[in-house]
Amino acid sequence: EEYSEFYKKVFHDYNDSLFHIHINADYPLNFKGILYFPKPSHEYQNLDGEIKLYYNRVFVADNIKEVIPEYLLMLKGVVDCPDLPLNVSRSYLQTNSYVAKVSAHIVKKVCDKINSLFNTEREKFEGMYEDLKVFLEYACLKDEKFYDRIKSSLLFRSVSGGYKTLVDCLENNEEKKIYYASDVEQQSVYINMFKNENIDVVVMDKVLDNQFISLLEYKNEGVKFLRVDASSDVLKTDNEGSKDEQLEKLFREVSGRENLKVTVSALKDKTVPAVLNISEEARRFNDMLKMYGMYNGKDVSGKQAPE
């Protein structure tokens with residue numbers, strides 16, 4: 001209660017923070033502090049952190065961002081550093097080795113807190129994970145050491161409810177393929193087909209997820225993330241694809257491509273007439289171009305991409 005009251009009084013935030021971290025470093029560093037992770041009210045809220053710097057309880061400067069890395073700038077807190085001079089300047093903070101060590105220690109404490117919440121307060125951690133998700137992913141993308149420290153505590157929300165770790169997703173999964181949905185409503189037909197095959201699907205619907213799953217594939221050999229509309233191999237019958245002259249003619253006319261190759265395979269789910277697959281690699285590349293404003297409506301082959 002005292003931590004909560006202190007947070008609201010100092011930072012004029014009427015909402016409780018998600019969690020706080022109390023730092024009391026002695027050797028080789030010498031500093032104390034209390035850091036808070038604010039609770040965002042919506043996904044695109046501008047969360048500018050605020051770190052107040054003190055020297056033996058004497059206020060030195062407000063909103064000092066040099067003592068924490070850029071990917072943790074949403075943190076709010078107070079830090080008392082008696083080893084810093086009273087007339088500290090921005091240029092001094094940017095080049096001082098002591099400040100760099102303080103920053104590294106703060107990162108370690110944040111990672112320890114995340115792992116502690118996961119290991120000892122799993123239910124509480126899952127309750128706040130959607131608020132933490134985008135910040136944790138961004139931190140992992142910016143600092144691989146951060147990822148290495150919290151990788152076992154990263155969670156994936158299942159479309160069937162609940163959360164799973166990467167280890168859970170790979171359990172009894174010999175092919176190491178993890179299927180995900182970026183829009184649960186729009187991709188509901190695919191999701192239901194996977195459910196019928198007892199294959200769980202996780203939700204990856206945040207802006208950074210496209211880059212984050214690439215990091216996970218890089219850091220975990222053999223693991224492959226596939227969106228539910230990227231591959232239907234597990235949804236087909238064992239019969240090999242065959243030709244259908246009528247469909248082949250129809251698709252050639254519609255696509256305007258005379259050499260278009262058309263094969264037909266039966267789906268296991270007889271209630272679904274047809275599905276459209278989009279290459280995972282091509283879609284990710286096009287999504288990346290969209291993010292940087294370079295997308296012109298064509299896929300990586302130069303042909304018009306499906307809507």
Side-chain angles (χ1 to χ4, degrees), residues 156-164 166-206 209-210 212-214 216-217 220-290 295 297-307:
F156 302 88
R157 179 162 58 92
S158 169
V159 293
S160 57
Y163 286 86
K164 307 170 72 173
L166 184 62
V167 174
D168 295 332
C169 293
L170 296 175
E171 188 176 1
N172 300 321
N173 186 347
E174 295 181 0
E175 293 187 339
K176 293 186 177 182
K177 290 181 179 179
I178 300 174
Y179 295 95
Y180 68 95
S182 59
D183 189 319
V184 174
E185 291 186 4
Q186 190 177 56
Q187 297 157 1
S188 60
V189 172
Y190 296 92
I191 293 171
N192 289 332
M193 294 172 71
F194 277 96
K195 282 184 178 179
N196 293 337
E197 297 301 313
N198 294 318
I199 299 174
D200 199 11
V201 176
V202 297
V203 180
M204 305 292 281
D205 57 356
K206 295 293 188 288
D209 282 338
N210 200 38
F212 184 61
I213 59 179
S214 296
L216 293 174
E217 290 170 341
N220 299 274
E221 186 177 357
V223 172
K224 181 65 177 177
F225 281 80
L226 293 167
R227 204 168 75 175
V228 287
D229 58 356
S231 174
S232 59
D233 290 343
V234 296
L235 307 177
K236 298 176 184 177
T237 62
D238 294 333
N239 298 330
E240 293 184 4
S242 59
K243 285 194 173 185
D244 185 302
E245 291 184 2
Q246 288 183 319
L247 280 177
E248 189 170 344
K249 180 180 178 181
L250 174 64
F251 275 91
R252 282 181 176 178
E253 289 178 355
V254 173
S255 67
R257 295 165 61 186
E258 285 298 322
N259 298 323
L260 183 68
K261 181 181 178 182
V262 180
T263 57
V264 180
S265 298
L267 294 170
K268 294 178 182 178
D269 190 336
K270 303 301 182 183
T271 64
V272 180
V275 293
L276 174 66
N277 290 333
I278 304 172
S279 164
E280 178 74 13
E281 290 74 16
R283 185 192 54 73
R284 284 196 207 178
F285 185 77
N286 289 333
D287 285 350
M288 183 183 70
L289 294 181
K290 284 180 182 178
Y295 185 68
K298 295 183 178 181
D299 63 20
V300 288
S301 65
K303 298 181 175 64
Q304 191 68 27
E307 294 294 334

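In this text the structure is predicted, and so the values were computed from the model without any measurement. These values consider heavy atoms only, across backbone and side chains, with no hydrogens, waters or symmetry-generated copies.
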Query raised in the report: Once you round to the nearest 0.5 Å, how far does CG of D205 lie from CD of Q186?
Result: 12.5 Å
Query raised in the report: Under a 4.5 Å cut-off applied to non-hydrogen side-chain atoms, are V159 and K195 in contact?
Result: yes
Requested in this report: Check whether any side-chain heavy atom of K176 lies under 4.5 Å from a side-chain heavy atom of N220, and answer yes or no.
Outcome: no
Report summary line: The salt bridge (charged side-chain N to carboxylate O under 4.0 Å, His left out) partners of E197 (sequence neighbours excluded) come to K268
Requested in this report: Decide yes or no on side-chain contact (heavy atoms from CB on, under 4.5 Å) for L216 and F156, but give the supporting numbers first.
Outcome: CA-CA 12 Å; L216 293 174; F156 302 88; 3.6 Å; yes
**Report entry** V189 side chain near V272 side chain, heavy-atom distance below 4.5 Å
**Finding:** yes
Query raised in the report: So, do V262 and L250 sit near enough that their side-chain heavy atoms are less than 4.5 Å apart?
Result: no
Report summary line: Interatomic distance, CG@N172 vs CG@N198, rounded to 0.5 Å, equals 12.0 Å
Query raised in the report: Distance from N259 atom CG to R252 atom CZ, nearest 0.5 Å?
Result: 7.0 Å
Query raised in the report: So, for K270 and L267, which heavy atoms are closest and what is the spacing to 0.1 Å?
Result: NZ-O, 3.7 Å
Query raised in the report: Any ring-ring contact (aromatic ring centres under 6.0 Å, His included) pairs touching residues 172-192, not counting sequence neighbours?
Result: Y179-F194
Query raised in the report: Does the side chain of I178 reach to within under 4.5 Å of the side chain of D200, using non-hydrogen atoms?
Result: no
Query raised in the report: From L235 CG over to S265 OG, what is the distance, rounded to the nearest 0.5 angstrom?
Result: 11.5 Å
Query raised in the report: Say you draw a straight line from CD1 of I278 to CG of D229; how long is it, rounded to the nearest 0.5 Å?
Result: 5.0 Å
**Report entry** Spacing of CZ belonging to R227 relative to OG belonging to S182, to within rounding of 0.5 Å
**Finding:** 4.0 Å
Query raised in the report: How far apart are the C-alpha atoms of E281 and R284, what are their side-chain angles, what is the distance that settles it, and do they pass the salt bridge (charged side-chain N to carboxylate O under 4.0 Å, His left out) test?
Result: CA-CA 5 Å; E281 290 74 16; R284 284 196 207 178; over 6 Å; no
Query raised in the report: Taking the side chain from N173 and the backbone from K177, do they hold a donor-acceptor pair closer than 3.5 Å?
Result: yes
Query raised in the report: Do E217 side-chain atoms and F225 backbone N/O form a donor-acceptor pair below 3.5 Å?
Result: yes
Query raised in the report: Between V184 and R157, is any pair of side-chain heavy atoms under 4.5 Å apart?
Result: no
Report task. Locate the shortest heavy-atom distance separating A181 from I191; write the atom from each residue and the value. Result -> CB-CD1, 3.8 Å
Requested in this report: Might you work through the side-chain contact (heavy atoms from CB on, under 4.5 Å) test for R283 and N210, ending with a clear yes or no?
Outcome: CA-CA 10 Å; R283 185 192 54 73; N210 200 38; 4.2 Å; yes
Requested in this report: Let me see the working for E280 and I213 under side-chain contact (heavy atoms from CB on, under 4.5 Å), right down to the final yes or no.
Outcome: CA-CA 12 Å; E280 178 74 13; I213 59 179; 4.3 Å; yes
Query - Closest non-hydrogen atom pair between L260 and S255, with its separation - result: CD2-OG, 3.5 Å
